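Structure record follows, encoded as structure tokens.
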There are 2 protein chains.
Amino acid sequence: MFTDLREEAVQPELNARQQEILDFLVRTIRERGFPPTFREIAEHCGFRSTQAVSRHLEALEKRGCIHRESGARTIRLANGLLEESDSTEPVRMVPLIGEVAAGRPILAVEDIEDRLPVRQDWLPVHERSFFLRVRGDSMAEGIQAGDLVLVDPGVRVHRTEIVVAMIEDEATVKRFYPEADRVVLRSDNPAYADIVVSRDFRVVGRVSALIRKYR
Amino acid sequence: MFTDLREEAVQPELNARQQEILDFLVRTIRERGFPPTFREIAEHCGFRSTQAVSRHLEALEKRGCIHRESGARTIRLANGLLEESDSTEPVRMVPLIGEVAAGRPILAVEDIEDRLPVRQDWLPVHERSFFLRVRGDSMAEGIQAGDLVLVDPGVRVHRTEIVVAMIEDEATVKRFYPEADRVVLRSDNPAYADIVVSRDFRVVGRVSALIRKYR
DNA sequence: TTGACAAGTGAACGAATGTTCACTAGAATC
DNA sequence: GATTCTAGTGAACATTCGTTCACTTGTCAA
């Protein structure tokens, strides 16, 4: 019973063989455009029987990694396994949020206006990064109303860097000056006064890039 | 001989049947993840023989629409046919030029530092558009040294718009104020004096967007 | 009319392919 | 030590699947 419990917990993990076969499936489908036959899989693994392949595929199907129909070359990858290629691919579609709504997860699907392409090797982004359209009243120098800023949540923010902060349910773009027991949010433009906050705010993320459209 | 010539010219076109089969191939591969068999194609077209399918596929292969290997379900679509779905969301790779060199075509291959993805439906670009890295001494307000500006050559430029102009073999980013027999290039920043030019310059293109990386 | 050609039928064939069954070897469990 | 489980072998089998051949039908040009 004890071991049963532990094995249940380990179930989602994949065997070394199963992983090897799954990788081979992904690679073959990507390169040749159609799945391999049992014998091609066997040859790749060094098997001399198709029976071993059959059982491994059965296991992979039981864990939801693949789907199968009857017939030759009818292995289909589960959702997400083929699209995983996007993590390899240098261009990632980053969502654009028009406005950060209060009390909702930032990346709520309903709030995604659009998606813009970003080359990951040129401008590092991660799963939770997003573009935010800057409102008129929250500018740092060189940032104008209507600009799109790329926000990276969960990234360590250093002094003087530009951040997006939520203050009273509104997103603001300012420079970040942490102090002993408070934080000063400053605009590069001296016409705007500093904003001093202590607890009633939270940093959404660091601004790592900007896009502006003219006309 | 006359008809021969005409048939030669029509060759790249696809038959109604061939188009039907090609569409079926694309749809099947997209939905099921692997190509159909000859008999599945026959059933879809209403054929009662696989021979018809065989000849149509042969024609499709001869025209470069598909590739085939021996074996079951080994039809692969030619490049571009599967990605045609991307044409719904066209991302174009726009070259990035570090510096506009004098006396050379702007888009000389050797000068292309990189390529950045742009969604055409979101930000119109054309064949000759490129990104230019802004030098330190040619700023308009809201544009900083190191920013990348998207330049559209061959687009009609209107008064007050931002342009990239070549002045004495150097690229400059300024606002465009045409007058009777001369052109004033003005920086939004009043610290920079106007540049008045008459003949010794040329407008490279209109600035339609800007990208800035922080850090 | 004749001939050429493209399109499709029908059946048969053989190779490719997934499935099944009996068996072996090793490791873990009782 | 006996049992169970996993992993793999080897061969035989039935089906699927692409290929081939002979034949029919309709169209178009000479």
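As the structure is a prediction and not an experimental result, all values here were calculated from the model. Residue numbers begin at 1 in each chain, while the letters A, B, ... track the order of the sequences.
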For B:Glu61, which residues count as a side chain to side chain donor-acceptor pair (under 3.5 Å) partner, sequence neighbours excluded?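 By the side chain to side chain donor-acceptor pair (under 3.5 Å) rule, B:Glu61 matches no residue at all.
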With sequence neighbours excluded, what pairs up with B:Arg133 under the side chain to side chain donor-acceptor pair (under 3.5 Å) test?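 Expected list: B:Glu113.
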Please name all residues satisfying side chain to side chain contact (heavy atoms under 4.5 Å, CB included) with [X], sequence neighbours left out, ordered by chain then number.
X	value
B:Ser49	B:Gln51
A:Arg156	A:His158
B:Ala72	A:Ala72
A:Ala42	A:Phe47, A:Val53

Using atom names, set out every protein N or O paired with an N or O of nucleotides 5-7 of chain D below 3.5 Å, distance rounded to 0.1 Å.
unit_1	atom_1	unit_2	atom_2	d
D:dA7	OP1	A:Asn15	ND2	2.7

Output every pair passing salt bridge (charged side-chain N to carboxylate O under 4.0 Å, His left out) with a member in residues 39-55 of chain B, not counting sequence neighbours, ordered by first then second residue.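 Checked against salt bridge (charged side-chain N to carboxylate O under 4.0 Å, His left out) - neighbours excluded - the pairs reaching residues 39-55 of chain B are B:Arg32-B:Glu40, B:Glu40-B:Arg73.
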Should B:Glu127 and B:Arg92 count as an ion pair when the cut-off is N to O under 4.0 Å?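 Looking at B:Glu127 and B:Arg92, the cut-off is met.
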Please encode protein proximity along nucleotides 15-21 of chain C as a string of B, S and -, counting only heavy-atom distances under 4.0 Å. --BBBBB
Between P of C:dT9 and CD of B:Glu43, the distance in whole Å: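 Between P of C:dT9 and CD of B:Glu43: 13 Å.
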B:Ile21 CD1 to C:dA7 C1': how many Å, rounded?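 These atoms are roughly 11 Å apart.
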